[in-house]
Amino acid sequence: MDLAKQARIVESIHDTLDDFVGQRIKVRANMGRSKIVESEGVLTQVHPRLFIMEVERKRGRTARQSYQYADVLTGTVELSQGGEPLFGEFIDDSVPEPEPSNLELFEDEERVLA
């Protein structure tokens, strides 16, 4: 995926989340080493590169959590509301087929390696 396409996707994630400010959203974040953190809270702010949520903790306390749009793009952070994911998969893990134009370059050349 080229850089321009990634920038457009990050911008669309920002625009979509801007519509959800003030609403409850569930976050599932992969923190590495088999540690997955799930929390639910209110989306309070969206900024150019990250968004901030307020989540409830024990004893009525609240905490702020911030996440980057790039983490949503890569699938490290998953967002849902009412059990429905807000975003699908952005990155296709399948290996792309080689383009025919690349194959033609090797058909005309024949080399002998000694």
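No side-chain heavy atom of Met53 sits less than 4.5 Å from a side-chain heavy atom of Arg64. Side-chain contact between Leu79 and Leu17 is present, with at least one heavy-atom pair separated by less than 4.5 Å.
Residues satisfying the side-chain hydrogen bond (donor to acceptor under 3.5 Å, both in side chains) criterion with Glu54, sequence neighbours excluded, are absent altogether. Under the rule for a side chain to side chain contact (heavy atoms under 4.5 Å, CB included), Ala7 has no partner lying at least two apart in sequence or in another chain. For Glu11, the salt bridge (charged side-chain N to carboxylate O under 4.0 Å, His left out) criterion is met by no residue, not counting sequence neighbours. Remark: Glu84 pairs with no residue by the side-chain hydrogen bond (donor to acceptor under 3.5 Å, both in side chains) rule, at least two apart or across chains. By the side-chain hydrogen bond (donor to acceptor under 3.5 Å, both in side chains) test, Gln68 is found to be paired with no residue, residues two or more places apart in sequence or in another chain being considered. Residues satisfying the side-chain hydrogen bond (donor to acceptor under 3.5 Å, both in side chains) test with Ser66, not counting sequence neighbours, are none. Legend: residues meeting ring-ring contact (aromatic ring centres under 6.0 Å, His included) with Tyr67, ordered by chain and number and at least two apart, are Phe51. Not counting sequence neighbours, the partners of Asp18 by the side chain to side chain contact (heavy atoms under 4.5 Å, CB included) test are Val21, Val46.
Pairs passing the ring-ring contact (aromatic ring centres under 6.0 Å, His included) check and including a residue from residues 22-50, sequence neighbours excluded, do not occur. Residue pairs meeting the ring-ring contact (aromatic ring centres under 6.0 Å, His included) criterion with at least one member in residues 11-35, sequence neighbours excluded, are His14-Tyr69.
To the nearest 0.5 Å, the span separating OG1 on Thr16 from CD1 on Ile9 amounts to 11.5 Å.
Cluster partners of Val55 are absent, since no Ile, Leu, Val, Met, Phe, Trp or Tyr has side-chain heavy atoms less than 4.5 Å from it.
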Just distance, no hydrogens or angles: give the donor-acceptor pairs under 3.5 Å from side chains in residues 29-44, sequence neighbours left out.
residue: Asn30; atom: OD1; partner: Gly32; partner atom: N; Å: 3.0
residue: Glu38; atom: OE2; partner: Arg28; partner atom: NE; Å: 3.1
residue: Ser39; atom: OG; partner: Gln65; partner atom: OE1; Å: 3.1
residue: Thr44; atom: OG1; partner: Ile52; partner atom: O; Å: 3.1

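By the 6.0 Å contact criterion, CZ on Arg24 is enclosed, its count of non-hydrogen atoms from other residues, nucleotides or ligands being greater than 12.
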